[in-house]
Structure formats: structure tokens, C-alpha cells
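Encoded as C-alpha cells, the structure appears first; notes follow it.
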Amino acid sequence: MKCEHCTRKECSKKTKTDDQENVSADAPSPAQENGEKCDTSKHKVLVVSVCPQSLPYFAAKFNLSVTDASRRLSGFLKSLGVHYVFDTRIAADFSILESQKEFVRRYRQHSEEERTLPMLTSACPGWVRYAERVLGRPITAHLCTAKSPQQVMGSLVKDYFARQQNLSPEKIFHVIVAPCYDKKLEALQEGFPPALHGSRGADCVLTSGEIAQIMDQGDLSVKDAAVDTLFGDLKEDKVTRHDGASSDGHLAHIFRHAAKELFNEDVEEVTYRALRNKDFQEVTLEKNGEVVLRFAAAYGFRNIQNMILKLKKGKFPYHFVEVLACAGGCLNGRGQAQTPDGHADKALLRQMEGIYADIPVRRPESSAHMQELYQEWLEGINSPKAREVLHTTYQSQERGAHSLDIKW
């Protein structure tokens with residue numbers, strides 16, 4: 001990679017400004033115009049991490065299998081000068097595993113005096129920001145403290161991977177490719193984790209649609225390349241996903257874990273039942289004729305509003321809710337599969353849903369590298385470092401119970 005003086009030309013080639021004006025690819029950089037020499041001390045290692053929900057978009061857009069789309073995207077990014085391309089699935093593994101443990105703990109601690117349930121997921125930055133800024137303490141107390149996959153990936157790249165490469169965190173420029181614009185806001189608001197020594201986990205977030213625009217303007221005849229892993233020269237040989245219809249699957253994985261841990265029940269198939277609409281679904285576990293676990297998925301602010309109002313009235317019977325701001329889940333993020341006039345491309349989305357459903361599911365517990373990372377990177381599963389790196393706190397105004405009266 002070049003230093004910031006000599007990358008301005010490349011950046012102008014790869015992205016559009018807000019007014020959609022492109023700088024000529026042949027225009028000299030400011031450093032070249034001034035006769036400056038490249039300062040190699042400012043060179044950085046460029047890393048791109050791709051969210052799993054972005055891959056079906058590229059597969060559908062370019063009419064490729066999801067594995068071929070992954071290799072095509074990786075090859076294209078490396079042709080632009082990217083050094084490493086990762087999949088954020090391993091970060092989602094951490095987020096899910098930590099959420100599983102937290103739910104079991106909350107379930108056992110819940111009582112009339114200490115209402116620790118329902119536990120609400122915290123992987124969606126649009127939902128978390130709304131909870132912090134509008135709903136306040138009555139709701140943020142129920143947010144799972146496990147960091148989102150994007151936040152965990154930032155620590156994996158800037159801490160674990162940086163040390164593996166003998167690099168300081170500030171020597172890495174980390175880009176996230178995501179289906180959602182709210183991920184940009186999440187990167188800005190994350191702050192500076194202590195382990196990263198003043199460096200953000202994610203330096204830049206580009207939506208899948210923005211990457212596709214760059215690809216449309218570039219050369220797609222580049223050589224495909226396997227996606228990298230955090231483990232030396234080992235490459236990702238196939239694309240897998242978590243067990244969620246359009247998300248990272250926190251609900252399904254936590255439900256199975258809780259059923260086994262709390263009630264010694266093995267659940268192979270998680271059965272969803274649509275209630276108010278297709279974006280509000282319920283999953284239950286019965287034992288001896290009694291419902292012992294009641295989970296829900298609430299996607300889109302229409303369903304979030306209903307959830308909050310029922311919580312206010314004390315008529316919300318769920319132990320856990322997977323909450324996502326986007327109707328239709330992460331696949332339907334506004335950062336991809338949009339028509340030129342800014343509406344959802346429904347035909348493309350249906351194709352993406354089919355592609356995503358066909359990707360093999362891999363459970364976080366089956367990852368060969370999770371135990372290694374917990375021990376080598378985090379000094380143990382329940383260590384102080386694991387809690388510091390993998391968990392967060394929420395900023396919210398102290399508000400009374402009336403704060404649940406929301407204006408939409």
C-alpha cells in the first residue's frame with residue numbers, strides 16, 4: 001500500500017464523491033504534483049472483512065455460486081491493493097457463543113425482584129442506537145452485552161492478527177463490507193478499545209452496493225483468489241453460514257444452547273411460527289406440556305414498536321428477542337439490492353434469499369479454531385480479557401418508565 005499522500009489518486013478512482021463526480025484516474029496525486037517522495041513509514045496493511053450477508057448479493061448480481069462470488073470479490077479487492085480479505089463469520093462465532101452464556105445466566109437469575117429477561121440482541125447497530133438514544137435505561141438494561149460481529153472483528157484484526165503479523169494496530173487499515181449503512185455509524189461510535197492502543201477496530205465501512213459500484217467501474221477479469229483466514233497461510237475452502245434465515249442466527253443458536261443447558265433437550269430443527277407478520281416470528285420449547293422457552297424474532301421498526309409497547313404494559317411473554325432494524329433482516333439491508341430509484345429490488349432479494357438458504361450451516365461450537373483463540377488470544381473462556389474484549393456497555397439517558405411512550 002502507498003502512503004496517504006499517494007493513495008488519493010487510487011481512492012478517487014475507486015469511489016464516488018457525494019455529488020457523484022469522479023476524479024480522473026489519470027490525474028497525478030498531490031505528492032506527484034509537488035515532486036514529493038513516497039514516505040514508506042506511512043504505508044499500511046490493508047485488510048477487508050466481508051459480512052456473510054453480503055455474499056449472496058454478489059452471487060446474485062454476477063450470476064455466480066456463492067463460493068465463486070466470494071473468490072471473485074477477494075480477487076478483485078486484492079487487485080486493488082488489498083493485502084488480506086477475511087470473512088466476519090468467525091467474529092459472529094464469538095458474538096453468538098458469548099450471547100449463549102449470557103442468556104443462560106440471565107435466565108437463572110431472573111426473578112420478580114431482578115428482571116433480567118427478556119434478553120434483546122445487540123448485533124444490529126440501528127436498533128442499539130435507537131435503544132440508547134430514545135428508549136433509555138428501561139430497555140438498554142435488557143440488551144445483550146456481547147459485542148456485535150463487526151466490533152469483535154475489529155479486535156480480531158487489530159489485536160490478534162496484528163500481533164501475529166508483528167504489526168502495531170495503527171499500521172493496519174481495516175475496511176468492513178456490510179449490507180447495511182448503520183454499520184458505518186457503528187464504526188464511528190465504537191470508540192477506541194484499550195487493546196487497540198488508540199486505534200479503531202474498523203477504519204472504514206463500505207456497503208455491498210458501494211463495492212459493486214467499484215466493481216462495475218473496474219476490471220472484472222481479474223484472477224479469483226481464496227478468502228484468507230486469521231491462521232497463517234490457511235485459506236477458506238468453502239462458504240458456510242450461521243443458522244439464520246437472513247441474519248447471523250443468534251436466535252436459533254441461543255435457543256438450541258439454552259434448551260440443552262437448561263432443560264437437557266436436544267433441538268435439531270428450530271421451527272418458526274409467524275404471528276403478526278412474516279417479520280415477527282415465534283419459537284417455543286415445551287416440556288411436560290408447559291412452554292419453558294419462548295423466543296421471538298422482531299425485524300423492522302413496525303415490530304419493534306409493538307414489542308416496546310407490550311414490554312411497557314408487562315404483556316410481553318418472551319425470554320429472548322432477536323431484534324433487527326431492517327424489515328426482512330440483514331439480507332434486506334438498504335446497502336445492497338436496491339433499484340436505481342432507491343427501492344428494494346424484490347426480484348434480486350428473492351434470488352439472494354434462495355442463495356443464502358442453500359449455504360451450508362456451521363454451528364459456532366464446531367469451529368476448529370474457537371478454543372484455540374479463547375486460550376491463545378483471550379487467556380481463557382471466562383477470563384477478564386475475554387470479558388473486556390468481547391463485551392460492552394451501553395450509553396443511555398436515565399429515564400423513567402414513561403420513556404416507553406414513544407413517538408414514531
Side-chain angles (χ1 to χ4, degrees), residues 52-53 88-111 114-124 127 142-149 151-153 156 240-273 281-288 290-299 317-324 329-330 359-375 378 380-383 386-387 389-392:
Q53 293 79 25
T88 65
R89 189 179 64 249
I90 192 168
D93 285 342
F94 276 112
S95 181
I96 291 169
L97 290 173
E98 293 298 307
S99 298
Q100 289 177 172
K101 291 185 290 184
E102 181 171 340
F103 175 78
V104 169
R105 175 179 58 78
R106 283 177 179 253
Y107 188 95
R108 288 171 171 160
Q109 291 178 349
H110 182 72
S111 65
E114 187 179 4
R115 293 186 171 274
T116 57
L117 298 176
M119 188 173 91
L120 310 175
T121 55
S122 55
C124 171
W127 150 242
H142 292 277
L143 287 175
C144 177
T145 65
K147 286 185 177 181
S148 72
Q151 292 171 320
V152 176
M153 195 68 198
L156 276 166
T240 60
R241 66 175 176 90
H242 292 108
D243 194 2
S246 61
S247 69
D248 281 318
H250 283 71
L251 186 153
H253 293 291
I254 294 171
F255 184 82
R256 285 196 185 94
H257 177 79
K260 182 64 176 178
E261 188 75 13
L262 297 170
F263 303 103
N264 198 31
E265 293 286 338
D266 292 306
V267 177
E268 287 301 321
E269 189 71 26
V270 177
T271 303
Y272 293 82
R273 182 167 68 98
Q281 300 190 66
E282 179 184 82
V283 176
T284 58
L285 176 70
E286 292 189 18
K287 190 165 186 176
N288 300 324
E290 177 187 0
V291 175
V292 292
L293 286 178
R294 192 184 298 273
F295 281 30
Y299 297 171
Y318 296 99
H319 299 108
F320 172 93
V321 189
E322 182 180 88
V323 189
L324 298 175
C330 298
I359 299 173
V361 171
R362 180 184 57 73
R363 297 184 184 180
E365 297 88 344
S366 68
S367 171
H369 297 290
M370 293 307 293
Q371 292 303 318
E372 173 188 339
L373 282 169
Y374 266 115
Q375 298 302 322
L378 299 172
I381 290 179
N382 294 310
S383 68
R387 289 192 293 272
V389 172
L390 301 178
H391 290 264
T392 188

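Keep in mind that the numbers below use all heavy atoms, side chains included, and drop hydrogens, waters and symmetry copies.
For Thr240 (side chain) and Pro360 (main-chain N/O), no donor-acceptor pair under 3.5 Å exists by modelled atom type. Listed for the Gln53 side chain is no donor-acceptor partner under 3.5 Å among the backbone atoms of Cys330. Formation of a donor-acceptor pair under 3.5 Å by the Arg273 side chain with backbone atoms of Glu282 is not found in this model. Here the side chain of Ser383 pairs a donor or acceptor atom with the backbone of Ala386 at under 3.5 angstrom. Between the side chain of Lys287 and the main chain of Val292, no donor-acceptor pair closer than 3.5 Å is present. Proximity of a side-chain donor or acceptor of Ser95 to a complementary backbone N or O of Ala92 within less than 3.5 Å is not detected. Judged purely by atom type and a 3.5 angstrom limit, Gln375 has no side-chain atom pairing as donor or acceptor with the backbone of Glu372.
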Handout entry: Worked check of side-chain contact (heavy atoms from CB on, under 4.5 Å) between His242 and Val361
Key = CA-CA 5 Å; His242 292 108; Val361 171; 5.9 Å; no
Practice task
Please test Glu261 against Gln100 for side chain to side chain donor-acceptor pair (under 3.5 Å), starting from the C-alpha separation and ending with a verdict.
Solution key: CA-CA 10 Å; Glu261 188 75 13; Gln100 289 177 172; over 6 Å; no
Handout entry: Full working for side-chain contact (heavy atoms from CB on, under 4.5 Å) between Thr116 and His110
Key = CA-CA 5 Å; Thr116 57; His110 182 72; 3.4 Å; yes
Practice task
Apply side-chain contact (heavy atoms from CB on, under 4.5 Å) to Trp127 and Leu324, showing your working.
Solution key: CA-CA 6 Å; Trp127 150 242; Leu324 298 175; over 6 Å; no
Handout entry: Chi angles and distances behind the side chain to side chain donor-acceptor pair (under 3.5 Å) call for His369, Asp93
Key = CA-CA 10 Å; His369 297 290; Asp93 285 342; over 6 Å; no
Exercise for the section: Would you please test Tyr272 and Phe295 for ring pair (Phe, Tyr, Trp, His ring centres under 6.0 Å) and show each step? Expected result: CA-CA 10 Å; Tyr272 293 82; Phe295 281 30; over 10 Å; no
Practice task
Could you walk me through whether Asn382 and Lys101 pass side-chain contact (heavy atoms from CB on, under 4.5 Å), step by step?
Solution key: CA-CA 10 Å; Asn382 294 310; Lys101 291 185 290 184; 3.3 Å; yes
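Residues Pro118 and His142 come closest through the heavy atom pair O-ND1, 2.9 Å. Among all heavy-atom pairs drawn from Ala146 and Glu98, the shortest one is CB-CB, 4.0 Å. Of all heavy-atom pairs spanning Leu251 and Ala297, the tightest one is CD1-N, 3.8 Å. Smallest separation of non-hydrogen atoms from Glu322 and Gly249: OE2-C, 3.7 Å. For Pro364 against Met370, the heavy-atom pair with the smallest separation is O-CG, 3.8 Å. Pairing each heavy atom of Ala259 with each of Val267, the nearest pair is CB-CG2, 3.7 Å.
Between Tyr374 and Phe94, the ring planes lie perpendicular to each other; the angle is over 60°, past the 30° to 60° tilted range.
Residues satisfying the ring-ring contact (aromatic ring centres under 6.0 Å, His included) criterion with Tyr299, sequence neighbours excluded, are absent altogether. Take Arg387 and apply the salt bridge (Lys or Arg N to Asp or Glu O under 4.0 Å) test, not counting sequence neighbours, and it matches no residue.
Counting heavy atoms from C-beta outward, Leu378 and Leu373 have side chains that stay 4.5 Å or more apart. Side-chain atoms of Met119 and His319, non-hydrogen and from C-beta on, never get closer than 4.5 Å to each other. Thr284 is not listed as a side-chain neighbour of Leu293, based on a closest heavy-atom distance of 4.5 Å or more.
The OG atom of Ser122 sits 11.0 Å away from atom NZ of Lys147, with the distance rounded to the nearest 0.5 Å. For the atom pair His250 NE2 and Cys124 SG, the distance stands at 11.0 Å (nearest 0.5 Å).
With respect to Lys260 and Glu265, no salt bridge is recorded, no charged nitrogen being found less than 4.0 Å from a carboxylate O. Looking at Asp243 and Arg363, no side-chain N of the basic residue comes within less than 4.0 Å of a carboxylate O on the acidic one, giving no salt bridge.
Residues His253 and Asp248 have side chains that never bring a donor and an acceptor to within less than 3.5 angstrom of each other. A side-chain donor-acceptor contact under 3.5 Å links His391 and Thr145.
Tested against Phe320 for a side-chain contact (heavy atoms from CB on, under 4.5 Å), the candidates Leu117, Thr121, Val283, Leu120 yield a single pass: Thr121.
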